[in-house]
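Please read the structure below before turning to the comments.
Fair warning: this is a prediction, and the values are worked out from it, not measured in the lab. Starting from 1, each residue takes its place in the sequence as its number. Ligands are counted one by one from 1 in listed order, and the atoms in each one are counted from 1 as well. Computed from heavy atoms alone, side chains included, the values below leave out hydrogens, waters and symmetry copies.
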Amino acid sequence: MIKIAPSILAADFLRLGEEVKAVESAGVDRLHLDVMDGRFVPNISFGFPILEALRPATRLPLETHLMMVEPERYLEAFARAGADTLIVHQEVSPHLDRTIHLVKSLGKRAGVALNPSTPVSLLEDTLELFDLVLVMTVNPGFGHQHFIGYTLEKIRQIRERLDRRNPQCDLEVDGGIDAETAPRVVAAGARVLVAGTSVFGDPAGPAAGLRSLTQAAARRGSNPAERPNH
Ligand code: DX5
Ligand code: ZN
């Protein structure tokens with residue numbers, strides 16, 4: 001079952017409530033909120049006001065993708081503001097074990113994100129701790145970027161490890177996911193697709209964007225070269 005997590009970064013912020021209702025009624029699994037601090041990534045997006053406004057407006061689980069330095073400073077505040085899943089970047093979490101346990105002590109799902117250049121091996125000792133592993137398939141900071149092809153091998157490696165050691169953990173991918181790349185990442189082992197531009201940027205509206213993405217993801221085995229090995 002492939003799940004879609006629309007990234008609201010690509011939504012029309014003048015009509016954010018309507019955009020969220022449109023994807024909620026189209027049957028997405030969760031909302032992806034890209035929080036950017038202008039230091040870990042060269043962009044600033046949004047924070048607590050958006051999360052607090054969305055929380056009462058949707059029943060969808062909210063996952064916060066924290067693209068910020070020292071994310072541990074704000075975990076409690078994001079939990080209080082209504083986040084269900086807190087995703088921190090491995091690259092800015094030298095005390096990742098402690099951070100993940102803090103998220104769990106708040107009663108939230110704990111996710112870790114890896115930038116394209118960050119090796120899977122850095123999760124070797126902590127893989128069992130996570131509820132979600134997010135593989136960045138673009139360099140974080142912006143929507144509407146091109147998919148980075150070498151991340152497919154990382155997805156395969158993580159899929160193999162999770163199947164063995166933590167099969168309940170979500171394997172989520174993020175960045176440049178559209179009708180062309182969706183079948184490729186699913187064939188490599190991704191099961192949750194974050195999509196901003198291909199959903200909210202579809203000229204026929206988000207429901208149409210979701211339809212074409214879901215149909216494309218279902219074609220995962222079409223290319224024998226990328227057929228899943230399980
Ligand atoms: C990038 C964000 C992604 C991005 C996805 O730093 O983490 O979630 O918004 O947007 P698209 O799907 O447009 O690449
Ligand atoms: Zn994201």
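- Rounded to 10°, the angle that NE2 of His32 and OD2 of Asp174 form at the Zn ion (ligand 2) is 100°.
- Sorting the N, O or S atoms of His65 by how far they are from the Zn ion (ligand 2) puts ND1 first.
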When the side chains of residues 71-80 are checked against the rest of the protein, which donor-acceptor pairs come out under 3.5 Å, sequence neighbours left out?
residue: Arg73; atom: NE; partner: Glu70; partner atom: O; Å: 2.9
residue: Arg73; atom: NE; partner: Glu70; partner atom: OE1; Å: 3.4
residue: Arg73; atom: NH2; partner: Val69; partner atom: O; Å: 2.7

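- In summary, Arg161 and Glu124 engage in a salt bridge, as defined by a charged side-chain N under 4.0 Å from a carboxylate O.
- Using a 4.5 Å cut-off between side-chain heavy atoms of Ile, Leu, Val, Met, Phe, Trp and Tyr, with links allowed through other members, Leu66 and Val135 fall into the same hydrophobic cluster.
- Membership of an apolar cluster is not assigned to Ile44, as no side-chain contact below 4.5 Å to another ILVMFWY residue is traced.
- Contact check on Lys108 versus Asp131 returns no salt bridge, with no Lys/Arg side-chain nitrogen under 4.0 Å from an Asp/Glu carboxylate oxygen.
- Considering just the N/O/S atoms of Asp34, the one nearest the Zn ion (ligand 2) carries the name OD1.
- Within the structure, the salt bridge (charged side-chain N to carboxylate O under 4.0 Å, His left out) test picks out no pair touching residues 194-208 (sequence neighbours left out).
- Taken from CG in Leu171 to NZ in Lys154, the straight-line distance is 11.0 Å, to the nearest 0.5 Å.
- Closer than 4.0 angstrom to ligand 1 lie heavy atoms from Ser7, Leu9, His32, Asp34, Met36, His65, Met67, Met136, Pro140, Gly141, Phe142, Gly143, His144, Asp174, Gly175, Gly176, Val194, Ala195, Gly196, Thr197.
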